[in-house]
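Residue numbering restarts at 1 for every chain, and letters A, B, ... go by the order of the sequence lines. Note that the coordinates shown come from a computational prediction; the quantities given were computed from them, not determined experimentally.
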Amino acid sequence: MEKIGVLITHQPLPYLEQELTRRGCRLFRLWEAPETSRLEFCRENSAAIRAIVGNSNFGADAATIDALPKVEIIASFSVGLDKVDLVKCKERGIRVTNTPDVLTDDVADLAIGLAISVMRRIPSADKYVRSGAWKKGDYTLTTRFSGKTVGILGLGRIGIAIAKRAEAFDCPISYYSRTEKPYPNYTYYSTPVDLASNCDVLVVACALTEETHHIVNRAVIDALGPKGVLINIGRGPHVDESELVAALVEGRLGGAGLDVFENEPHVPDELFGLDNVVLVPHVGSATIETRTAMADLVLGNLEAHFLNKPLLTPVV
Amino acid sequence: MAMPSLELDSRYEEKPKLLLLQPINGPFKTALSQKFELVKADESPLPLPTFLSTHCLQIKALFILAPTVTVDSSLLDQLPSLGLVAAISAGVDHIHLDACRKRGVVVTNAGETFTPDVADFAVGLLVDVLRKVTMADRFVKNGLWMGKGDLPLGSRVSGKRVGIVGLGSIGSHVAKRLMAFGCPISYFSRAPKPNFPSYRYFSSVLDLACENDVLVLSCALTAETHNIINRDVMVALGKDGIIINVGRGALIDEPELVRCLKEGVIGGAGLDVFVNEPDVPKELFQMENVVLSDHRAVTTPESFKGVSELVIANLDAFFSGKPLLSPVSS
């Protein structure tokens, strides 16, 4: 990849930056340009830029793509591509790749970890002990996770990995998806409200599309109810966040474990004081192991493209 | 004339006496007092030895609510008619089993009623420490996500090699859960467990620590397991290794644990139990690589209900001469 210009939209893993440099790429660091002049930055360097490396928050919209007529490939350091204008890419014949599968285990691990953390109040226990307030005979009543019904919105790779883990806790599994899937042990519901009415823990694990935007709305939250727990390891816009905040503040929902938010890194500060809410900053795939594997996929896709070999994980 | 004899009999039958040394209240007290005459040492103005010699020479059953009371030879000597000590905990390190056995006193514990909750909690702590959940929650709730702070990457849970110290009911449930995360399981116990052929057995804790990324402590505290996790074991576990303790605080040499965490000899720890609860070594409060909790692994309504029913069933069985449901073997 000698001399190939690569636009990086975000501050990448040091390993990815090192490996691109080692392969002779010329790096254009979009995140270092002032926010107001990023399109200009693209136009100025458009003669050299043939590839874009994006991530789940910083992809490539139509204007960015238009500013870069020589771009041939967008290799995203993410599974979700909702920040990449795929229609535009198809029109232009730009190839798009993502990093599927490598983060499935991490996201599923975190989903179960969040559910236990919320129900057993682990972060609030930690805060309590560290405050020095623990006295003999004190205890907080918490909620058992084992055996609770886990409802999954979207039974894709991540949803299935979550189901497999939850089964080891003797949790009955139910799910919603557009069509029923061949998992006879899992109960299918044809609407999110029906799923939420019939589960204790609702996990959002579907892709973000127009149909799944605000798939968790007030009706779903009310169906989950004051003992129900919502886990979102999907995307922030899957959940109507203002309805979620209102339900948690009013005690209409039992608890929530959230890895994603509608306007990251903004998090509604009404949630900061709630012990039944566990908040983590979009770290579903934030492990050394997974980030390295994702970087290797980005590098592999770029290399394959410029050597005219089949892409490893093409989407477009 | 038909007499409702059974009903009358049970109504007027004298309730068996049950000795309590600690205050008790709530629905469990109500449930116990429906079946038993509660002899409450804690409510008497008399000193305990006087109370026991005055009121308890005929007492056959003792209920121990919390492990803050030690049942030793001197207590047992004051209760010559005692046949049963019914404990509410899973661990019975506060009850001297040898002393009980010598006097023909049987001991019952929580059996398996706490198993799912403790196993869940161990997995929760494990995911939390590796994925920095509590640390991340603190980070977000302190408003640090807006570009001001930086959260280090976590470590993958799936595939981590997990060594379980004590493959009893709780240990085997931890193993079952972690198998679903793709974690290879090995264990240390006094003898190999033929029921679990897919788990690798180690006859020494040191070897177990050498071959694993995570140690989960779920064994009973006995003379042999006291400080079973010493500095050598932690050195063998290594700088990325983590320890999860849902057993008893004294399974670990606590001052050494604090030193090893401080010096980076091990990578982190998730601790629900401590040597001198509720006192926790203050050095831990400043550490980012530990998750601390207040011995809450069993605090769910399901566990409380299950153990209450089990205690009553054990007492019923004892007083009617039937086999006990959860006797502890010494």
Side-chain angles (χ1 to χ4, degrees), chain A residues 13 105-106 108-110 112-117 119-123 125-132 134-147 161 164-170 257-258 264-267 269 271-273 277-283 286-291, chain B residues 66 68 116-117 119-121 123-128 130-134 136-147 151 153-159 173 176-182 270 272 277-280 282 284-286 290-297 299-304:
Chain A
L13 190 70
D105 283 333
D106 273 354
D109 293 348
L110 184 67
I112 299 292
L114 283 175
I116 299 175
S117 278
M119 296 171 84
R120 305 307 309 275
R121 303 271 194 275
I122 294 178
D126 180 82
K127 190 175 158 192
Y128 174 66
V129 172
R130 284 176 198 254
S131 75
W134 183 13
K135 292 187 289 288
K136 239 172 209 163
D138 273 15
Y139 68 86
T140 305
L141 204 58
T142 61
T143 308
R144 177 174 286 187
F145 174 62
S146 275
K164 184 189 129 200
R165 284 160 178 73
E167 280 188 286
F169 293 78
D170 300 320
L258 307 171
E264 296 172 10
H266 173 77
V267 179
D269 50 17
L271 301 179
F272 292 177
V277 176
V278 177
L279 308 171
V280 295
H282 205 146
V283 292
T287 69
I288 295 154
E289 294 89 342
T290 292
R291 290 292 164 89
Chain B
T68 47
D117 280 334
D120 289 359
F121 207 80
V123 175
L125 285 176
L126 188 158
V127 176
D128 194 321
L130 285 173
R131 299 298 302 274
K132 306 189 189 298
V133 172
T134 289
D137 179 70
R138 203 158 48 221
F139 178 85
V140 173
K141 286 178 177 170
N142 287 333
L144 295 175
W145 194 13
M146 306 292 282
L151 193 68
L153 287 176
S155 186
R156 185 181 286 178
V157 174
S158 286
H173 276 74
K176 176 190 153 200
R177 284 158 176 69
L178 289 174
M179 287 284 280
F181 288 73
D272 188 43
E277 293 169 15
D279 290 334
V280 176
K282 296 214 169 12
L284 296 175
F285 297 174
Q286 306 307 322
V290 298
V291 178
L292 311 171
S293 69
D294 52 329
H295 201 148
R296 69 168 54 187
T299 57
T300 71
E302 289 91 341
S303 271
F304 286 178

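- Looking at heavy atoms from C-beta onward, B/L292 lies out of side-chain contact with A/Y128 at the 4.5 angstrom threshold.
- Counting heavy-atom pairs under 4.5 Å between each of A/L114, A/T287, A/V277, A/T290 and chain B puts A/T287 at the top.
- Contact count versus chain B (heavy atoms, under 4.5 Å) is highest, among A/D269, A/D170, A/I116, A/L258, for A/I116.
- With contacts defined as side-chain heavy-atom distances shorter than 4.5 Å, the pair B/P278/A/D138 does not qualify.
- Closest heavy-atom contact between A/V129 and B/F285: O-CZ, 3.4 Å.
- In this structure, the portions of A/T140 lying under 4.5 Å from any heavy atom of chain B include both its backbone and its side chain.
- Ion pairing between a basic and an acidic side chain is recognised when a charged N comes within 4.0 Å of a carboxylate O; A/K127 and B/D137 show no such pairing.
- Looking at B/D294 and A/R121, no side-chain N of the basic residue comes within less than 4.0 Å of a carboxylate O on the acidic one, giving no salt bridge.
- Proximity to chain B is limited to the backbone of A/K135, based on heavy atoms less than 4.5 angstrom apart.
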Quiz prompt | Worked check of side chain to side chain contact (heavy atoms under 4.5 Å, CB included) between B/R131 and A/D106 | solution = CA-CA 9 Å; B/R131 299 298 302 274; A/D106 273 354; 3.7 Å; yes

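- Smallest separation of non-hydrogen atoms from A/K164 and B/A180: CE-O, 3.2 Å.
- Looking at heavy atoms from C-beta onward, A/I112 lies out of side-chain contact with B/R177 at the 4.5 angstrom threshold.
- The closest side-chain heavy-atom distance from B/T300 to A/R120 is below 4.5 Å.
- Between chain A and the residues B/V290, B/L130, B/D279, the most heavy-atom pairs under 4.5 angstrom are made by B/V290.
- For A/R291, the part lying under 4.5 angstrom from a heavy atom of chain B is the side chain only.
- Between B/V291 and A/I122 there is a side-chain heavy-atom pair separated by less than 4.5 Å.
- A/V267 is not listed as a side-chain neighbour of B/K141, based on a closest heavy-atom distance of 4.5 Å or more.
- How far OG of A/S146 is from NE2 of B/H173: 8.0 Å, rounded to the nearest 0.5 Å.
- At a 4.5 Å heavy-atom cutoff, the contact between A/T143 and chain B is made by backbone atoms alone.
- Atom CZ of residue B/F181 and atom CG of residue A/D105 lie 10.0 Å apart, to the nearest 0.5 angstrom.
- Put simply, the side chain of B/P301 reaches to within 4.5 Å of the side chain of A/L141, judged on heavy atoms.
- Closest non-hydrogen pair, B/G154 versus A/E289, comes out as O-OE1, 4.3 Å.
- Listed here is the closest heavy atom pair of A/V280 and B/A136: CG1-CB, 3.5 Å.
- Contact annotation for B/V140: both backbone and side-chain heavy atoms come within less than 4.5 Å of a heavy atom of chain A.
- For chain A, the nearby parts of B/H295 are the backbone and the side chain; heavy atoms of each come within less than 4.5 Å.
- For chain A, the option among B/A119, B/G270, B/S158, B/G124 with the highest count of heavy-atom pairs below 4.5 Å is B/S158.
- With rounding to the nearest 0.5 angstrom, the CG atom of B/D128 is 7.5 Å from the CG atom of A/D126.
- Not counting sequence neighbours, the partners of A/E264 by the side chain to side chain contact (heavy atoms under 4.5 Å, CB included) test are A/N57, A/V260, A/F261, A/H282, B/W145.
- Open room surrounds OH on A/Y139; 12 or fewer heavy atoms of other groups in view lie less than 6.0 Å from it.
- Put simply, of B/T68, B/L153, B/L284, the one with the most heavy-atom pairs under 4.5 Å next to chain A is B/L153.
- At a threshold of 4.5 Å between non-hydrogen side-chain atoms, the residues B/V133 and A/L110 count as touching.
- Proximity to chain B is limited to the side chain of A/L13, based on heavy atoms less than 4.5 angstrom apart.
- Contact count against chain B (heavy-atom pairs under 4.5 Å) is highest for A/P281 among A/G147, A/A125, A/P281, A/A166.
- With a 4.5 Å cut-off on non-hydrogen atoms, A/F145 touches chain B through its backbone and its side chain both.
- A search for ring pair (Phe, Tyr, Trp, His ring centres under 6.0 Å) contacts involving B/F121 returns nothing, not counting sequence neighbours.
- For the set B/N142, B/V157, B/L126, B/L125, the count of heavy-atom pairs under 4.5 angstrom toward chain A peaks at B/V157.
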